[in-house]
2 protein chains.
Amino acid sequence: MKKRITLKDIAKNFNVSIATVSKALKDSHEISPNTKSKIKEYAKLHHYKPNVTALNLLNKNTKTIGVVIPNIMNTFFAKVFMGIEHIASQKGYQLVSCISNESYEKEVKTIDLLKHGHLDGIIISLAEETQVKQNVTHLKNTLNEGVPMVMFDRVSDELECDKVIVNDLEGAYHATCHLIKSGCKKVALVSVIDNLSVGKLRVEGYKKALTTFNIPIEERLIVRIGHHEDFDTVMKIILADKSIDGLLCLEESAAVNVLHLVKRMTYKIPEELSIACFTNGKLLQHLSPSISAISQHGKYIGETAAKMLIDRIENEDLPKPCETKIIKTSLIERESTKQF
Amino acid sequence: MKKRITLKDIAKNFNVSIATVSKALKDSHEISPNTKSKIKEYAKLHHYKPNVTALNLLNKNTKTIGVVIPNIMNTFFAKVFMGIEHIASQKGYQLVSCISNESYEKEVKTIDLLKHGHLDGIIISLAEETQVKQNVTHLKNTLNEGVPMVMFDRVSDELECDKVIVNDLEGAYHATCHLIKSGCKKVALVSVIDNLSVGKLRVEGYKKALTTFNIPIEERLIVRIGHHEDFDTVMKIILADKSIDGLLCLEESAAVNVLHLVKRMTYKIPEELSIACFTNGKLLQHLSPSISAISQHGKYIGETAAKMLIDRIENEDLPKPCETKIIKTSLIERESTKQF
DNA sequence: ATGAAAGCGCTAACAA
DNA sequence: TTGTTAGCGCTTTCAT
């Protein structure tokens with residue numbers, strides 16, 4: 001990269017000191033108007049830009065936020081990212097972004113890299129593997145070192161920091177209630193994310209809804225499918241029970257797969273089988289039939305997280321207790337559930 | 001943020017000079033094994049991490065790449081981003097990412113921010129508005145200042161730098177040929193991206209295919225729909241011509257919208273109307289019928305761009321002429337086109 | 001084997 | 001009004 005012009009270069013050109021140049025460019029009153037304009041003009045002509053690295057070293061802040069996201073192909077995370085980006089750029093922060101790819105090891109490496117990088121704070125959602133391992137010492141250390149951190153969606157109780165989460169329990173509760181109220185007699189739940197904190201909470205919400213309607217909870221109807229199991233096979237077995245007429249899917253891919261399957265099985269949707277699903281992406285919207293979804297307001301979550309972090313960074317002197325913001329979900333009714 | 005331990009702190013603790021500590025931690029032979037081990041142990045105990053900002057200032061490199069992407073919700077760009085991330089993290093580079101949101105102004109602001117930030121290089125795909133305005137002076141300046149840059153997908157001829165593009169012309173050509181060979185007599189083209197360089201190239205490819213099969217080009221069949229026009233209205237008018245039996249959509253949303261429309265119009269797909277579309281995302285795969293797609297291999301594009309940039313960064317001393325890599329597309333046949 | 005000093009680019013307190 | 005100096009955290013050359 002071509003050497004950029006520095007204060008020193010400008011100073012040399014005019015035979016003045018570096019300090020004079022610095023002050024002149026800052027429009028300081030202690031510099032004569034004459035010198036000021038000379039210097040400014042020269043600086044502009046030569047595209048002078050202060051060296052941010054030097055300023056960072058001086059100020060001990062970098063106006064940079066590290067963002068760790070499990071998977072950017074996931075609509076929800078992409079939306080959150082947009083939200084973070086929106087606020088960050090508005091407040092003059094840059095984003096150093098890392099994709100953990102759901103891997104514990106990559107997450108640890110990433111955090112290490114980020115800590116090296118002297119950034120002002122971190123926004124993170126845990127990798128799936130990290131939630132399975134339940135090992136968050138890398139983050140605990142980060143926190144201990146005083147790095148401001150905000151977690152979102154996939155959080156850990158062991159970490160004492162600001163958090164932004166969705167009311168997963170309530171979201172599942174409302175969706176299940178909706179299925180029941182629309183006439184479903186037997187609602188099953190399909191989860192491929194039982195590893196995740198949010199997955200567990202959603203199951204709770206489902207159970208709560210059944211209880212509300214005095215429907216006995218049948219563990220058999222809570223279908224947890226692991227990564228290495230064949231989705232269709234497991235589902236066919238459970239759907240052998242023809243009295244199942246409602247399905248709560250805990251994330252997009254489950255709903256998509258289920259839909260393909262039951263269409264092949266010539267189910268009538270929503271009459272014979274109603275489906276509701278977490279995460280509101282384009283996919284659910286455009287399938288036929290379109291699938292009723294629980295929107296988690298990803299962009300808003302990202303914006304909230306970014307605001308919380310920046311607030312903490314810029315007000316470190318007045319420490320506040322950690323806060324957990326809970327974002328309400330909303331149910332978007334589509335063709336896969338019955339009107340009532 | 002809690003103050004981190006520095007070389008100075010360690011030096012003070014042992015009453016040695018900063019230089020000694022620095023050397024000790026680097027395992028220099030000029031330091032006695034005794035002092036070395038003492039210092040190293042202490043450093044580890046106190047989680048000493050070198051201050052990267054200081055090192056950057058010294059080395060004049062930051063191991064950081066700026067990535068400017070028009071829209072992260074777009075599957076293609078998300079895939080490219082994954083590819084960039086993959087190579088970057090493998091080679092020890094961080095990513096500062098910006099979303100231009102298809103806005104010229106945001107892109108200019110972003111580039112400015114990035115240039116301030118003293119990064120090693122930039123990977124960028126132009127915002128739609130930038131391509132419309134055809135104003136790339138902000139990037140020309142950046143290039144003139146010697147910042148290594150790689151463009152991908154939405155590139156500009158005015159910029160002399162490395163590029164990674166898809167063979168849009170050929171992709172459209174093959175898809176159109178496929179439609180014709182499968183028996184379509186009248187293939188129309190639907191574009192909502194006629195603003196973009198890639199959009200124009202795809203139209204060329206379409207025309208070339210018609211020419212190859214001695215089919216006269218009818219401008220009427222090249223449907224360009226602006227952002228402010230009503231998609232369905234325009235399409236209904238064109239589809240009034242019932243002899244149209246093939247459709248080449250230049251990007252995902254056009255295909256999705258068309259599909260909804262023609263299903264309502266009770267077209268039989270692919271018998272009465274075949275559809276092929278650029279960009280291979282989950283959406284096209286899961287629609288019913290699923291839509292034949294031209295895959296652009298986004299992840300590979302990202303990986304290629306990252307490799308090119310890092311190569312240029314790390315070998316600035318031996319300058320090479322700019323290079324444009326062309327990634328081949330591939331056609332993925334699905335239910336929306338006929339077998340033959 | 002250890003340290004002093006210069007320098008990366010910049011700011012700011014203090015002198016002149 | 002301008003300059004000197006010290007310092008942010010680190011590396012490196014050249015003494016000692």
>> Can you work out whether B:K23 or B:K3 has the more 5'-proximal nearest nucleotide on DNA chain D?
In response: B:K3
>> Within the 4.0 Å heavy-atom criterion, would you say B:T35 contacts the bases, only the backbone, or no part of the nucleic acid?
In response: sugar-phosphate
> When we call it a touch if two heavy atoms are under 4.0 Å apart, what does A:L55 touch: a base, just sugar-phosphate, or nothing?
Replying inline: sugar-phosphate
Under 4.0 Å between a side-chain N/O of [X] and OP1 or OP2 of [N], yes or no?
X	N	result
A:S32	D:dT1	no
A:Y48	C:dC10	yes
A:S22	C:dC10	no
A:K8	C:dC8	yes
A:K60	D:dG9	yes
A:T20	D:dT2	no

[X] side chain: which of [options] is closest?
X	options	value
A:K26	C:dT11, D:dT1, C:dG7	C:dT11
B:E30	C:dA12, D:dG9, C:dG3	C:dG3
A:L7	C:dT11, D:dG9, D:dT11	C:dT11
B:S17	C:dT11, D:dG9, C:dA4	C:dA4

>> Between B:R154 and B:E102, does any NZ, NE, NH1 or NH2 come within less than 4.0 Å of an OD or OE carboxylate oxygen?
In response: yes
> Salt bridge between A:R4 and B:E145, side-chain N to carboxylate O under 4.0 Å?
Replying inline: no
> Under the 3.5 angstrom rule, does the side chain of A:K163 hit a backbone N or O of A:S156 as a donor-acceptor pair?
Replying inline: yes
> Side chains of A:Q131 and A:E129: does their closest heavy-atom pair fall under 4.5 Å?
Replying inline: no
